[in-house]
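Here is the structure we will look at.
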2 protein chains.
Amino acid sequence: MLTDRQSAILGMVVDEYVETAEPVSSRALVDRHRLEISSATIRNEMARLEREGYITHPYTSAGRIPSDLGYRFYVEALMSEAPVALDERRTVEHQLHQVAGGLDEWLSLTATILSSLVGNVAVVTRPRTSTARLRHAQLVELSRDTALLVSVMDDGRVRQRILQQRQPVTQDQLNARATRLNGLLAGADAANVRDRLVGLEDPDEVATARAVAESIEELRIAEETFLDGLNMALRQPEFSDVDRMLEAVTQLQAYRLRGLLESTVDDHMGSTRVIIGQENPDTGLQDWSVVVSRYGDTDAAGVVAVIGPTRMAYQRTIPRVRYIASLMGQILRDVGQ
Amino acid sequence: MLTDRQSAILGMVVDEYVETAEPVSSRALVDRHRLEISSATIRNEMARLEREGYITHPYTSAGRIPSDLGYRFYVEALMSEAPVALDERRTVEHQLHQVAGGLDEWLSLTATILSSLVGNVAVVTRPRTSTARLRHAQLVELSRDTALLVSVMDDGRVRQRILQQRQPVTQDQLNARATRLNGLLAGADAANVRDRLVGLEDPDEVATARAVAESIEELRIAEETFLDGLNMALRQPEFSDVDRMLEAVTQLQAYRLRGLLESTVDDHMGSTRVIIGQENPDTGLQDWSVVVSRYGDTDAAGVVAVIGPTRMAYQRTIPRVRYIASLMGQILRDVGQ
DNA sequence: TTTAGCACTCTCATGGCGAGAGTGCTAACG
DNA sequence: CGTTAGCACTCTCGCCATGAGAGTGCTAAA
């Protein structure tokens with residue numbers, strides 16, 4: 001258990017290190033905060049904090065830097081969140097509301113805004129229902145023997161697919177087939193769509209129905225992410241060395257928020273989860289922290305996250321991720337279902 | 001005009017520099033190629049090549065490196081293309097044919113494959129018709145007073161959009177409206193779609209028609225690109241310095257192949273265009289080369305490109321870009337229209 | 001025209017060095 | 001017993017000098 005003074009010192013170390021990216025010395029703390037106690041006392045406390053695992057130092061006589069545990073304690077118990085200022089909100093909301101394009105543009109813009117808000121990589125996933133159901137399938141003639149299948153889910157996602165036809169078909173025939181299939185498959189989700197396919201005869205019709213089924217399945221799995229701010233994150237001094245930067249680019253390019261949505265499924269809306277360094281099951285992301293929040297509602301939910309080095313301004317990042325998430329939910333509610 | 005021997009030397013300098021990324025010395029050329037002439041002679045020739053602007057050296061006594069002009073001459077007159085080996089082809093075609101998903105997955109996979117084939121950033125745009133025409137619009141009820149508009153172009157591209165309704169509508173009413181609009185707008189392109197909107201009365205119907213028009217326009221402008229291989233390109237020794245790497249990431253992240261499709265519109269299919277360094281109108285991309293090729297046919301065309309430092313293995317890159325482009329065209333023809 | 005020889009230039013890796021920053025420990029102090 | 005001054009010790013980092021090495025350009029001779 002930490003004494004009040006130890007907590008206070010830990011807090012100061014984190015704040016200082018987050019700001020300067022330099023190991024924090026006992027002397028620096030006394031000077032910056034005009035402390036009544038001497039640097040020697042600070043050193044004693046620091047030694048204790050280090051024994052408990054909250055801080056380390058990179059070599060014998062450098063200042064201290066927080067460990068993952070130190071950050072965790074900071075986030076849990078010490079930090080006071082930095083509120084999102086009114087003019088910050090206004091700018092963001094202005095930008096977000098005036099987007100003219102479709103859902104994808106909107107999500108991509110959100111990632112850009114969030115990333116510039118916190119100076120790190122931001123990731124946003126498409127909202128999706130826990131089980132997407134087919135709302136409507138449509139067939140469009142492309143040429144004499146090819147058709148385009150468009151499957152629309154009830155959360156508004158769309159999947160297109162080109163189908164080869166054995167028999168030449170007209171648009172009228174395709175319409176009729178689409179009507180039949182809609183009667184059969186409307187409301188189907190990935191779990192039960194296969195069961196509904198029985199009784200079909202015409203091979204082209206079977207193939208089409210199967211393509212619809214696959215579309216539903218693919219959309220269930222697909223977790224499309226929008227990522228921005230790579231260059232922001234790379235400006236951090238932790239990447240002042242080429243190898244680390246290259247490593248970071250490779251890591252983040254490949255990053256797909258695998259399973260993050262699932263892992264947060266029990267979180268209630270509005271809560272924000274912080275995953276610090278080693279806590280991340282994904283090896284290779286263990287020097288990184290992730291701040292993640294769900295957005296949307298039970299019908300359609302997605303995830304918005306910020307990824308950055310463990311030395312992250314949690315104070316600013318956490319409330320901003322939460323704010324963006326709630327804003328997205330709100331806009332989605334206003335506009336959608 | 002260059003003598004034969006000067007050309008030969010220039011060729012060797014380019015080959016050597018592309019391979020090693022080190023300035024090429026007169027001595028190295030003699031050794032590596034067991035030349036009959038002495039290094040002093042090479043030096044004389046090199047001095048002449050430099051005076052003509054084909055090569056430079058970074059400081060007084062370093063070896064030579066090709067200038068943009070040198071690369072240009074090399075690409076134009078000296079290079080022999082390195083054919084795409086049979087097993088290379090087989091691997092690529094195997095991977096490309098077995099993709100299960102939709103168009104987007106296929107394009108994204110193509111970018112990945114090409115990038116690993118040439119070890120640089122690869123970019124692929126969606127195929128699009130020169131003037132996209134509306135094939136079909138569809139309206140789906142999302143809730144009592146919101147509808148989803150799905151506009152399908154005749155090149156298979158799709159645009160979705162959520163519409164607020166003033167009056168509550170049923171799916172049946174939406175179907176009827178869609179039928180009316182299709183009669184009115186089918187075949188319309190961005191140029192003439194506005195003219196066809198006259199005579200509509202119901203404000204919701206007008207709004208929908210306008211949304212369709214905007215969708216067409218947006219698709220005309222949108223040049224969605226799929227990019228991969230950033231980490232490949234960054235492994236090149238030219239980015240061994242942090243600032244240059246950061247610069248490169250920023251540059252390439254923002255890169256959108258702006259207007260590249262337009263600028264190649266006169267190229268005949270199968271030709272491959274090379275833009276070297278300063279030749280690129282885009283400032284900030286002037287240390288880069290772009291190898292770009294159209295794919296598809298007159299109905300639906302896109303662009304596939306490789307971006308890398310001017311020190312690029314043109315010999316390998318150019319035939320591989322051309323190969324991928326022709327392969328894409330082929331697959332598109334087989335499957336599509 | 002080619003080439004050997006050589007002086008000259010510039011880079012780059014190396015090592016030594018000293019300043020500076022910080023710590024940990026000890027001993028004294030209240 | 002907690003706190004603090006003092007101090008020795010450690011480690012980093014920037015700086016500079018230095019020398020080897022790589023290459024060129026020039027000159028003069030073949």
Side-chain angles (χ1 to χ4, degrees), chain A residues 1-10 12-13 16-17 19-67 70 237-238 240-242 244, chain B residues 1-10 12-13 16-17 19-67 70 237-238 240-242 244:
Chain A
M1 208 40 231
L2 296 185
T3 65
D4 283 356
R5 191 168 69 183
Q6 285 168 346
S7 294
I9 291 176
L10 178 55
M12 288 185 281
V13 169
E16 187 81 10
Y17 183 62
E19 190 182 330
T20 64
E22 305 271 302
V24 182
S25 75
S26 53
R27 183 76 180 277
L29 283 194
V30 177
D31 289 358
R32 292 262 298 195
H33 297 272
R34 309 193 183 287
L35 300 183
E36 296 300 306
I37 51 182
S38 78
S39 67
T41 308
I42 303 276
R43 281 201 290 282
N44 284 334
E45 295 287 36
M46 278 177 160
R48 243 160 280 157
L49 281 170
E50 180 158 6
R51 225 170 296 130
E52 306 284 331
Y54 292 96
I55 53 183
T56 26
H57 51 209
Y59 53 89
T60 324
S61 90
R64 296 313 209 292
I65 63 178
S67 66
E238 10 274 289
S240 58
D241 149 41
V242 195
R244 312 203 102 243
Chain B
M1 207 43 227
L2 296 185
T3 66
D4 284 355
R5 192 168 67 183
Q6 286 168 344
S7 294
I9 291 176
L10 178 54
M12 288 186 280
V13 169
E16 188 82 9
Y17 183 62
E19 190 181 331
T20 64
E22 304 271 303
V24 182
S25 74
S26 55
R27 184 76 181 276
L29 281 194
V30 176
D31 288 357
R32 293 261 300 193
H33 296 272
R34 307 192 184 289
L35 299 182
E36 297 300 306
I37 51 183
S38 77
S39 66
T41 309
I42 304 275
R43 281 202 288 284
N44 285 332
E45 295 288 34
M46 278 178 160
R48 243 160 280 156
L49 282 170
E50 180 158 6
R51 224 170 297 130
E52 305 285 331
Y54 293 96
I55 51 182
T56 25
H57 51 209
Y59 54 89
T60 324
S61 89
R64 296 312 210 292
I65 63 179
S67 67
E238 10 273 289
S240 57
D241 150 41
V242 195
R244 310 203 102 240

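Keep in mind it's a predicted model, so treat the numbers as computed, not measured. Reminder, nothing fancy here: chain letters follow the sequence lines and each chain counts from 1.
Distance NE2 (A/H57) to P (C/dA21): 19 Å, rounded to an integer number of Å. The distance between atom CD1 of B/I65 and atom P of D/dA22, rounded to the nearest whole Å, is 20 Å. Between B/N44 atom CG and D/dT27 atom P there is a gap of 12 Å when expressed in whole angstrom units. What separates CD of B/E45 from C1' of D/dT24 is a distance of 16 Å, to the nearest Å. For the pair B/I42 CD1 and C/dA4 P, the interatomic distance rounds to 13 Å; values are reported in whole Å. When rounded to the nearest whole Å, the span between CZ of A/R5 and C1' of D/dT3 equals 8 Å. Following rounding to the nearest Å, A/R43 (CZ) and D/dT4 (P) show an atom-to-atom distance of 11 Å. Atom-to-atom, CZ of B/R51 to C1' of D/dG25 comes out at 11 Å; the value is rounded to the nearest Å.
Side-chain N or O atoms of B/S67 include one that pairs as donor or acceptor with a backbone N or O of B/G53 at under 3.5 Å.
Residue A/R27 is tested with A/V24, A/D31, A/V30 for a side chain to side chain contact (heavy atoms under 4.5 Å, CB included); the sole match is A/D31.
When each of A/M46 and B/S38 is assigned the nucleotide of DNA chain C with its nearest heavy atom, B/S38 is the one assigned upstream, toward the 5' end.
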Fill in: Working for salt bridge (Lys or Arg N to Asp or Glu O under 4.0 Å), residues B/R64 and B/E16
CA-CA 10 Å; B/R64 296 312 210 292; B/E16 188 82 9; over 6 Å; no
Item to complete: Would you please test A/R244 and A/E238 for salt bridge (Lys or Arg N to Asp or Glu O under 4.0 Å) and show each step?
Response: CA-CA 8 Å; A/R244 312 203 102 243; A/E238 10 274 289; over 6 Å; no
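Residues A/I65 and A/T56 meet the side-chain proximity criterion, which asks for heavy atoms closer than 4.5 Å. Using a 4.5 Å cut-off on side-chain heavy atoms (C-beta onward), B/L29 and B/I9 make contact. The side-chain heavy atoms of B/R51 and B/M46, taken from C-beta on, include no pair separated by under 4.5 Å. Side-chain atoms of B/M12 and B/L35, non-hydrogen and from C-beta on, do get closer than 4.5 Å to each other. Within the 4.5 Å cutoff, no side-chain heavy atoms of A/S7 are placed close to those of A/L10. Side-chain contact between B/Y54 and B/V13 is absent, with no heavy-atom pair separated by less than 4.5 Å.
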Worksheet item: Under a 3.5 Å cutoff on both atom distances, Watson-Crick or G-U, what's the dot-bracket for DNA chain C ([ ] crossing, | other strand)?
Response: ||||||||||||||||||||||||||||||
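For DNA chain D, no neighbouring residue in residues 19-32 of chain A is found when judged by any heavy atom under 4.0 Å.
Note that the CD atom of A/E45 and the CZ atom of A/R5 stand 4.0 Å from one another [nearest 0.5 Å].
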Check: protein-nucleotides 8-12 of chain C nitrogen or oxygen pairs below 3.5 Å:
| unit_1 | atom_1 | unit_2 | atom_2 | d |
| --- | --- | --- | --- | --- |
| C/dT9 | O2 | B/S61 | OG | 3.0 |
| C/dC10 | OP1 | B/T60 | OG1 | 3.2 |

